[in-house]
Amino acid sequence: MVINFICWPSTKLAWILALLLNLVMMIQVHGQPPSSGFISIDCGLRNRSSYNDSSTGLRFNPDSGFVEGGMRKQISQEFMADAENEQQKTLRSFPDGSRNCYTLPSTMGKKYLWRATFTYGNYDGLNKTLDGSLFLFGLHLGVNFWDMVNLTNFNPMAAGWSEVLTVAPSNSMSVCLVNFGSGIPFISSLELRPLEDTMYPFVNTSVSINLIDRVRYGNITDLITRYPTDNYDRIWYNHTTDYPWMNLNTTNKVETLPGNNFFNIPSVIMQNALTLDMNYSGMIISSTPHPNVDTKSRQILPIFHFAEINGSNPNRRFDIYSAGELLFSDFSPSRFQVDSMHQNGRFLRNPNATFLLNNTGSSTLPPLINAYELYFLVRMDNLTTDSKDVNYMKEVKNHYNLTRVNWNGDPCSPREYSWEGLTCDYSESNQNPRIVSINLSASGLKGELAVSLMNMVSLEYMDLSHNNLTGAIPDYQLKSLKILNLSNNQLVGPIPDSILRRFQAGLLELRLEGNPICSKVKDTYCSNKKKNAIQTMVIVVTVPVVLVSLLVLMCIIWNLCWKGKSDHEDYAMYEQETSLHVDIRRFTYVELKLITNDFQSIIGKGGFGIVYHGKLENGDEVAVKVLMETSIEDSTDFLPEVQTLSKVHHKNLVTLKGYCQNKKCLALIYDFMSRGNLQQLIRGCLFINLYLLLMFISNIVDLLGCI
Ligand SMILES: *[C@@H]1O[C@H](CO)[C@@H](O)[C@H](O)[C@H]1NC(C)=O
Ligand SMILES: *[C@@H]1O[C@H](CO)[C@@H](O)[C@H](O)[C@H]1NC(C)=O
Ligand SMILES: *[C@@H]1O[C@H](CO)[C@@H](O)[C@H](O)[C@H]1NC(C)=O
Ligand SMILES: *[C@@H]1O[C@H](CO)[C@@H](O)[C@H](O)[C@H]1NC(C)=O
Ligand SMILES: *[C@@H]1O[C@H](CO)[C@@H](O)[C@H](O)[C@H]1NC(C)=O
Ligand SMILES: *[C@@H]1O[C@H](CO)[C@@H](O)[C@H](O)[C@H]1NC(C)=O
Ligand SMILES: *[C@@H]1O[C@H](CO)[C@@H](O)[C@H](O)[C@H]1NC(C)=O
Ligand SMILES: *[C@@H]1O[C@H](CO)[C@@H](O)[C@H](O)[C@H]1NC(C)=O
Ligand SMILES: *[C@@H]1O[C@H](CO)[C@@H](O)[C@H](O)[C@H]1NC(C)=O
Ligand SMILES: *[C@@H]1O[C@H](CO)[C@@H](O)[C@H](O)[C@H]1NC(C)=O
Ligand SMILES: *[C@@H]1O[C@H](CO)[C@@H](O)[C@H](O)[C@H]1NC(C)=O
Ligand SMILES: *[C@@H]1O[C@H](CO)[C@@H](O)[C@H](O)[C@H]1NC(C)=O
C-alpha cells in the first residue's frame, strides 16, 4: 500500500513563517569552524551599526556601502512585536529606478549560497500584500534572472525568501531588485555564504540552482536547523508526522566516505530519519510549495540523503520514482554512511514535485529517508560587460560622483537595463559586451577630465560637452576613439600632441569650442561648425579621385593622339561580340594557339589559370595569361579590367598588348618580361589591384618629378 503525505504545512518549506530561538545551536558555537567569509546584511538598518543575531550568533551589518539607491524603512509599529528576528524589522525599499543592485565582494570562480528575505510588515501603510492586487517584483543574480518574489495575498509578517547556489563570475557579485510595475521592490536581509568548491558539483558558471525545499526528517523539535549546526548556514526544516510514520534516531556517528564532499551534510542531521510502519511499502515525498511559488514550469533537481541508522542489519531496498520515471532502482542505504542520491545535474520535469520511494519485492523493511533537497534551475547564460570596461565605468562614476539612478549593476547587461548614456556592442554573442560610446553631455560633471575613460579599448565616441570640466586635457594615448566632444567646458590648454596628431591625421573628430583653451587657438576644432572631420574626409577622398581621373584622361588623350585607331579586324567571326572599345589588339583562339605554339611552354600558374610563353608575328615575345574556363561564365569583371589595363602604360609595369574574349577563351596578352615582373602576371586578381595602385603611385612620383 502506498500512502501519501504532504509536507506540513508545505508553505513553510519555502517560506519562513517564524524563526525560533535555537539555544542548542548557541551552545554549539564553540568548536565550530569559523563563519569566515559570511556576509550578513540587515537591509535598512538605522538604529545601530551592527549586531549579533540572537539565534545564529552571526554578525549582521547595515547595508550602506553595498547599495546606492533606495530608502531605509521599518515595518509598521503594529507588527514590531511579531518580528521573529531583527532583520524583519527594517528594510530598504526602491521606489526609483527599474533595477537596483546590491554588490558584494566575492572570489571569482568560487561557489556561494545567496539568501534574500522579504518581510513587508505594511511598512508603507498601504496594506499592499492584502489589498487584492498583484504584488510582485523580480530578482536578478548579476545579469541573469533569478527568481520572482510574489507577495500577493501574503501574510504581511511572513518572510518570503529566495536562496540560490551559484558560482561567482568575478570578484564582485550583484543581486538586483527589478521593478515590474506591480509594487515597489524591497528587501529585508541579504546573506552570502561561501561553499566548498567540491560541493553541489553540477553548479557551474552557467548553471545555478534555486532552493524550493530543504528538509531533515525525524523527531526534531526545532523548526529550523542552520548555522552553526550546518557550517554553510543552509536552512533545514524539520519534518515529523504521526503514525504510520516512524522516527528513527541513533547516537552512532554517520560517516561520509572519503572523497564524498559533495554535500557535507552535518552528521546530526543524518542521525535522524523517517520511515513507515512495517505494513506499508512506499512513501511519497511531496514539496507542493506555496501557491505563490511556481514549480509547474520549472526544471527541478532533487537530492535525497540516505543512511541506514537501524542498529541491526536490515534488508531495506527501494526504487525511487519521479512522475512515473524510475530514477534509482533497487537502492539500499549503507549502514551509518551517507549516500546522497542525485542525477549529476540532470533536471526533471515534475509539475507536482512529488517523488515515490517504493519497496522492491525482496525488501523486508519499508523505505527510509534522512534528508532531502529540491532545487530549480536558474540559467546563467547572459554575459557580463567586459570586466575592464566595468572597472573604467566604476572609476568614472566615482570620479564624477555620478548618482544616475539607473547606473546600477552591470553597465550593458541585460540589454534592457543598460546604463543610460552608454551604447554597448553585443555583436559577438559569445563574448562579453563592450562599451563603444559614452554620452555624459550636460551631466553636471565637475573637476578634471578622468583619464581612465580614454583607456577603454573599445570606446569610439565620447561626449562630455556642456559640463563644468576644468584643468588641462591630459596627454593620453587614445585607443579607438573617433569622436571626442569636450565643447562648452572650462578646459585650458595646451592640447596634448597625441590628441592633436590624431586629429590632424583625420582619425579623430575633436570639438573644443566654448572652452578657455580656444581663446588662444583658432583651429577648426575651436569653431562650433562640425566640419573638421568632414574637411579631412573631403581632402582624403577628393584629391586622389581628381588625380586619378586626370591621369586616366591624360592616358586616354595620349593614347588617342599617339597610337591612333586600332585596326579594324572583323569580329563577326567571334561568337561573342562585345562593346569593348580599346586600342589594343583582340586575338582569336586560333591566333593564340599559333603564337603560343599550341600552348606548349608554360611559364607560370596561378589561381586564375596558366601563363604561356608566346611569340607574335613580328617576333615580339609575349606572356599569354589564359583564364580558367570555369571563370569564363562569370567573367563580368573581365571587360572593365581589360579596359582599364589597356589604358595603362608605364615604364615600370608590364604593358597589356591584347586580349582574347569569346566563349572558348579568355586571355590577356602582355609584353613578355620586357618591363615588370612575372610574379605580377601570376597573381591574378590581386595583381590587377596592385597594378592599379602601383600605377597611381608611380604616376604621382612622375608628376612630382615633372614639377
Ligand atoms: C529606531 O529608533 C526609533 C526611535 O528611537 C524607534 O521609533 C524605532 O522603532 C527604532 N527602529 C527599530 C527597527 O528598532
Ligand atoms: C558578536 O560576534 C562576534 C563573532 O561573530 C564576536 O567576536 C563578538 O564578541 C560578538 N559580540 C557580542 C556583543 O556578542
Ligand atoms: C488590509 O487589507 C485586508 C483585506 O482587505 C483587511 O482585512 C485588513 O484589515 C487590512 N489591514 C490594514 C492594516 O489595513
Ligand atoms: C538575458 O538577457 C535578456 C535580455 O537581454 C533577457 O531577456 C533574458 O531573460 C536573460 N536571460 C537570463 C537567463 O536571465
Ligand atoms: C520525540 O522525542 C521526544 C524526546 O526528545 C520524545 O519525548 C517523543 O516521544 C518523541 N516523539 C516521537 C514521535 O518519537
Ligand atoms: C517541528 O517544528 C514545529 C514548529 O516549531 C513544531 O511545532 C514541531 O513540534 C516540530 N516537530 C517536532 C517533531 O518536534
Ligand atoms: C530515539 O530512539 C529511541 C528508540 O530507538 C526512542 O526511545 C527515543 O525517544 C528517540 N529519541 C528521540 C529524540 O527521538
Ligand atoms: C502570484 O501569487 C498569486 C497568489 O497566489 C497568484 O495568483 C499569481 O498567479 C502569482 N503570480 C505569479 C506571476 O507567479
Ligand atoms: C499532479 O497532481 C494532480 C492532482 O493531485 C494529479 O491529478 C496529477 O496526475 C499529478 N501529476 C503527476 C505528473 O503526478
Ligand atoms: C510499489 O510497490 C508495490 C508493491 O511492491 C507495487 O504493487 C507497486 O506497483 C509499486 N509501484 C510502482 C510505481 O512501482
Ligand atoms: C557626491 O554626491 C553626494 C550626493 O549627491 C554629495 O553628498 C557628496 O558631497 C558628493 N561628493 C563629492 C566628492 O562631490
Ligand atoms: C558650472 O558651474 C557654475 C557655477 O560654478 C554654474 O553656474 C554653471 O551653471 C555650471 N555649468 C554647467 C554647464 O553645469
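Both counts, for ligands and for their atoms, begin at 1 and track the order of listing. For clarity, every value in this text was computed on a predicted model and none was experimentally measured.
- Geometrically, R216 does not engage Y237 in a cation-pi contact defined by less than 6.0 Å to the ring centre and at most 45° from the axis.
- For ligand 8, the atoms sitting less than 4.0 Å from at least one non-hydrogen atom of L136 are 11 (N), 12 (C), 13 (C), numbered in the order shown with element in parentheses.
- Atoms of ligand 10 lying under 4.0 Å from any heavy atom of Y321, numbered from 1 in the order shown and given with element: 14 (O).
- The distance criterion of under 3.5 Å between nitrogen or oxygen atoms is not met by S281 with respect to ligand 10.
- Each of the following atoms of ligand 5 lies closer than 4.0 Å to a heavy atom of N247: 12 (C), 13 (C), 14 (O).
- Neither the backbone nor the side chain of T360 has any atom closer than 4.0 Å to an atom of ligand 10 (non-hydrogen atoms only).
- Remark: minimum distance from atom 5 (O) of ligand 8 to any protein heavy atom is reached at N292 OD1, 2.4 Å.
- Nearest-heavy-atom check against atom 2 (O) of ligand 8 across N150, L134, V149 picks out N150.
- Of the protein's heavy atoms, at least one falls inside 4.0 Å of atom 11 (N) of ligand 5.
- The nearest heavy-atom contact from the protein to atom 3 (C) of ligand 5 is N219 ND2, 3.4 Å.
- Aromatic ring centres of F306 and F318 lie closer together than 6.0 Å.
- Counting the atoms of ligand 10 from 1 in the order shown, those under 4.0 Å from a heavy atom of L356 are 13 (C).
- Remark: of the listed residues W114, Y375, W146, W146 is the sole one forming a side-chain hydrogen bond (donor to acceptor under 3.5 Å, both in side chains) with N210.
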S334/D339 under side-chain hydrogen bond (donor to acceptor under 3.5 Å, both in side chains): CA gap, chis, key distance, verdict:
CA-CA 7 Å; S334 314; D339 282 318; 2.8 Å; yes
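- Separation of the Y123 and F186 ring centroids falls under the 6.0 Å cut-off.
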